[in-house]
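Residues: numbered from 1 along the sequence shown. We count ligands from 1, going down the list as the structure has it; atoms in each ligand are counted the same way. Predicted, not measured: the structure shown is a model, and the values here were computed from it.
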Amino acid sequence: MSFNNIEFVIEDGVAILTLNRPDSLNSFNAEMHSEVREALKETKKNPEVRALVITGNGRGFCAGQDLSDRNVAPGAEAPNLGESIEKNYNPMIRSIRALEMPVICAVNGVAAGAGANIALACDIVFAARSAKFIQAFCKIGLIPDSGGTWTLSHTVGQARAMALSMLGDRITAEQAEQWGMIWKAVDDEAVKETAIATAKQLATQPTKGLALIKRAIQASATNTLDEQLDLERDLQTIAGRTEDYREGVAAFMEKREPSFKGQ
Ligand code: T3D
């Protein structure tokens, strides 16, 4: 597959999707959206892929929508941003959340606007210590999209979600870690390597089980305890029927390392 705005490689069971418009801090134009869609589709359908890493080239992770693509000249017809979100951003977030494998994000630099919320939609987020998370939308009269209003409320609580969204302050990676927005802040030079190593390790694990964990944790955001107990029962039923469960128990009993196939 060849792309103009992203890099996409598959190695050791891991797909690595790198946003590659560094001159505009990897902001999204229409072509990049369609390339990311293509890469996510391939990730989902390629049976060799058991984890995905999303990162960026250059000094930024992603600055959200490419604002040079928006004609806001006086008298120009107002763009329909709802259409843009329906066509591009929402399907991307839904795809990341629904992928039946771990999605690891390496936030290599500033993550602003939709860029911040794409990172926060991933399952495990590592961020370079120098990276910043910015809900930049309020500075241009918009609201956080790409799931930001939901993700932030659920991860950092309403007080912080509200202030981050209204003030558009820059949050450091360490602050994001302390607040539970991300998994870990790591040294700049180690961020991609750490994310890829984590993804490669996860790609050797029971992929179906990990996908079920993802489903359960996601559902807990809106379920009652009763609903969640029922869901855990149902998902455990599925997990208990996988080959990897059989292998995990057998390996434990035989005191050897398991060899999981992701099935
Ligand atoms: O429209 C729809 O479809 C609706 C959906 C919207 C989703 C959204 O994401 S809306 C929010 C859009 N994003 C922003 O508002 C962020 C804009 N960028 C910034 O605020 C700053 O660039 C940063 C805080 C991210 C980083 O600041 P700094 O000082 O480190 O870098 P810089 O100098 O501002 O940017 C470097 C270059 O990238 C610069 O280009 P130049 O001058 O070197 O040629 C800058 O124009 C360009 N750039 C950064 N962000 C964007 C961008 N170009 C186009 N679009 C951008 N979003």
Side-chain angles (χ1 to χ4, degrees), residues 4-7 17-38 40 54-97 105-122 125 127-153 155 161-176 181-182 185 188-189 191:
N4 298 319
N5 304 271
I6 64 169
E7 292 168 356
L17 191 172
T18 306
L19 305 174
N20 191 27
R21 300 184 69 231
D23 291 348
S24 63
L25 302 180
N26 301 319
S27 57
F28 271 85
N29 60 14
E31 192 182 29
M32 187 155 101
H33 269 298
S34 103
E35 292 181 359
V36 168
R37 244 189 322 271
E38 202 53 40
L40 290 174
I54 302 179
T55 189
N57 271 342
R59 73 175 178 88
F61 169 67
C62 175
Q65 171 64 36
D66 185 332
L67 296 175
S68 69
D69 255 14
R70 296 283 171 264
N71 180 2
V72 289
E77 195 185 337
N80 185 334
L81 301 189
E83 265 177 18
S84 158
I85 286 173
E86 183 67 15
K87 176 171 178 221
N88 295 314
Y89 291 97
N90 283 357
M92 173 167 44
I93 299 300
R94 287 188 173 115
S95 297
I96 291 169
R97 298 263 305 171
C105 192
V107 181
N108 51 297
V110 65
N117 296 332
I118 291 164
L120 300 182
C122 296
V125 184
R129 268 182 229 292
S130 70
K132 306 280 185 293
F133 292 84
I134 314 172
Q135 295 296 322
F137 307 88
C138 56
K139 307 277 186 190
I140 55 169
L142 298 184
I143 69 158
D145 57 31
S146 303
T149 55
W150 188 91
T151 314
L152 285 172
S153 301
T155 52
M162 197 68 89
L164 289 174
S165 302
M166 287 191 170
L167 299 172
D169 281 358
R170 295 172 180 228
I171 297 300
T172 63
E174 276 165 12
Q175 183 74 84
M181 262 167 74
I182 66 164
D188 287 18
E189 55 284 4
V191 69

Mind checking the CZ-CG spacing from Arg129 to Asp188? Nearest 0.5 Å is all I need. 8.5 Å
Short side-chain donor-acceptor distance under 3.5 Å, Asn117 and Gln135: yes
Flag the pair Phe28 / Val36 as yes when at least one side-chain heavy-atom distance between them is below 4.5 Å, and no otherwise. yes
Using side-chain hydrogen bond (donor to acceptor under 3.5 Å, both in side chains) as the criterion, point out the one residue from Asn20, Asn108, Thr18 that pairs with Asn57. Asn20
Using distance only, find each side-chain donor-acceptor pair of residues 165-172 under 3.5 Å and give its atom names and separation, not counting sequence neighbours.
unit_1: Ser165; atom_1: OG; unit_2: Ala161; atom_2: O; d: 2.7
unit_1: Thr172; atom_1: OG1; unit_2: Gln175; atom_2: N; d: 3.0

Pairs of nitrogen or oxygen atoms, one from ligand 1 and one from the protein, closer than 3.5 Å: please tabulate them with distances.
unit_1: ligand 1; atom_1: 1 (O); unit_2: Arg70; atom_2: NE; d: 2.8
unit_1: ligand 1; atom_1: 1 (O); unit_2: Arg70; atom_2: NH2; d: 3.3
unit_1: ligand 1; atom_1: 3 (O); unit_2: Gln65; atom_2: OE1; d: 3.4
unit_1: ligand 1; atom_1: 3 (O); unit_2: Arg70; atom_2: NH2; d: 2.7
unit_1: ligand 1; atom_1: 3 (O); unit_2: Ser84; atom_2: OG; d: 2.3
unit_1: ligand 1; atom_1: 9 (O); unit_2: Gln65; atom_2: N; d: 2.9
unit_1: ligand 1; atom_1: 9 (O); unit_2: Ala114; atom_2: N; d: 2.9
unit_1: ligand 1; atom_1: 13 (N); unit_2: Ala63; atom_2: O; d: 2.9
unit_1: ligand 1; atom_1: 30 (O); unit_2: Arg59; atom_2: NH1; d: 2.9
unit_1: ligand 1; atom_1: 30 (O); unit_2: Arg59; atom_2: NH2; d: 3.3
unit_1: ligand 1; atom_1: 31 (O); unit_2: Arg59; atom_2: NH2; d: 2.9
unit_1: ligand 1; atom_1: 38 (O); unit_2: Asp23; atom_2: O; d: 3.4
unit_1: ligand 1; atom_1: 55 (N); unit_2: Leu67; atom_2: N; d: 2.9
unit_1: ligand 1; atom_1: 57 (N); unit_2: Ala63; atom_2: O; d: 3.1
unit_1: ligand 1; atom_1: 57 (N); unit_2: Gln65; atom_2: O; d: 2.8

Closest non-hydrogen atom pair between Leu19 and Asn26, with its separation: O-OD1, 3.3 Å
